[in-house]
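Heads up, the thing below is written out as structure tokens.
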2 protein chains.
Amino acid sequence: MNDAMSNLDLAFAALADPTRRRIVARLTRGELRVTDLAQPFAMSLNAVSKHVKVLEGAGLVRRRREGREHYLRLRAAPLREVAKWTSQYERFWNQRLDALGRFLDQQQENDDEGSQ
Amino acid sequence: MNDAMSNLDLAFAALADPTRRRIVARLTRGELRVTDLAQPFAMSLNAVSKHVKVLEGAGLVRRRREGREHYLRLRAAPLREVAKWTSQYERFWNQRLDALGRFLDQQQENDDEGSQ
DNA sequence: GTATTATTCAACCAAAAGGTTGAATGAATG
DNA sequence: CATTCATTCAACCTTTTGGTTGAATAATAC
């Protein structure tokens with residue numbers, strides 16, 4: 001999935017998978033070894049390991065090796081970038097819900113009802 | 001891509017493609033017909049049409065048909081949801097960059113230098 | 001030193017993504 | 001009505017994704 005993808009591409013793609021979002025959520029409580037991280041997921045350890053690698057590739061996770069155990073830790077920077085990109089559009093869900101927008105939404109919703 | 005994917009899955013996946021993020025950006029200036037929207041992209045109209053459908057599937061774009069022309073308009077709601085999910089982790093890039101975190105980052109960066 | 005444990009690597013697979021081209025549909029225009 | 005224009009549909013192709021299983025590696029424990 002990597003290779004010449006922008007940071008933002010990688011971050012969004014990484015977060016598009018619900019398992020990976022759960023991993024991120026799980027890691028907010030602190031560092032976890034791969035095996036412990038994988039424990040609640042209904043898939044093989046290998047699958048989780050791959051997900052972790054995707055998150056690592058997007059910079060969302062850091063790995064600290066201690067003997068045979070790998071401790072995983074959340075890195076927020078890419079989330080911050082996602083938040084930044086997204087917030088460009090805040091004005092859109094605030095000011096830009098203007099008369100025309102609402103009118104068009106209303107219109108559309110009426111059409112949708114009609115066609116069911 | 002669709003089919004039993006959560007809203008958030010769909011939104012993140014839709015935004016993971018740079019072409020689609022450009023489309024979103026482009027639509028902030030107002031409604032556009034598919035052809036006009038597609039104009040600056042170095043790919044077939046068909047490809048853009050497909051991207052639009054993905055965005056539509058994620059609720060990020062609404063389509064208003066007027067004769068043979070389809071006018072596309074940005075819908076911010078899913079962006080809002082993305083922002084909401086992401087902002088759960090704000091505390092992480094604020095408070096949670098604590099002593100331990102910084103220490104581990106430092107440690108890791110030193111290791112990385114060493115291995116190059 | 002032999003098991004056991006933690007993790008990845010490698011090969012494989014089915015499904016999805018992102019693009020292409022060519023044909024179909026359906027309005028507008030001459 | 002024949003043509004052109006706006007758009008999608010359909011088929012195809014290649015690459016990526018998300019999972020599997022089985023083997024490799026490497027550290028720990030007995």
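Every chain is numbered from 1 and lettered A, B, ... according to where its sequence line falls, protein lines coming before strand lines. Because only heavy atoms are used, hydrogens play no part in the values below, and waters and symmetry mates are left out as well, while side chains stay in.
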**OP:** Report the distance from atom CG of L55(B) to atom P of dG18(C), rounded to the nearest whole Å.
**Re:** 10 Å
Original post:
Is any side-chain heavy atom of Y89(A) less than 4.5 Å from a side-chain heavy atom of L60(B)?
Top reply: no
Original post:
With no angle test and no hydrogens, is the base of dA6(D) tied to the side chain of R68(B) by a donor-acceptor pair under 3.5 Å?
Top reply: no
**OP:** Please work out which of the three classes, parallel, tilted or perpendicular, describes the rings of F12(A) and F12(B), given edges at 30° and 60°.
**Re:** tilted
**OP:** Determine, step by step, whether R63(A) and V52(A) satisfy the side-chain contact (heavy atoms from CB on, under 4.5 Å) criterion, reporting the C-alpha distance in whole Å, the side-chain angles of both residues, the deciding distance to 0.1 Å, and the verdict.
**Re:** CA-CA 9 Å; R63(A) 181 190 305 259; V52(A) 168; 3.6 Å; yes
Original post:
Base, sugar-phosphate, or nothing: which does N46(A) touch, judged by heavy atoms less than 4.0 Å apart?
Top reply: base
**OP:** Report yes if a side-chain nitrogen or oxygen of R20(B) is closer than 4.0 Å to either non-bridging phosphate oxygen (OP1 or OP2) of dG18(C); otherwise report no.
**Re:** yes
Original post:
Would you say S49(B) reaches dT8(D)'s phosphate, i.e. side-chain N/O to OP1/OP2 under 4.0 Å?
Top reply: yes
Original post:
Starting at the 5' end of DNA chain D and moving along, which residue's nearest nucleotide shows up first, E66(A) or A47(A)?
Top reply: A47(A)
Original post:
How is K50(A) classified with respect to the nucleic acid when contacts are heavy atoms under 4.0 Å: base, sugar-phosphate, or nothing?
Top reply: base
**OP:** Please state how far atom CE in M43(B) lies from atom C1' in dT21(C), giving the value in whole angstrom units.
**Re:** 16 Å
Original post:
With respect to the phosphate group of dT8(D), does any side-chain polar atom (N or O) of H70(B) fall under 4.0 Å of OP1 or OP2?
Top reply: yes
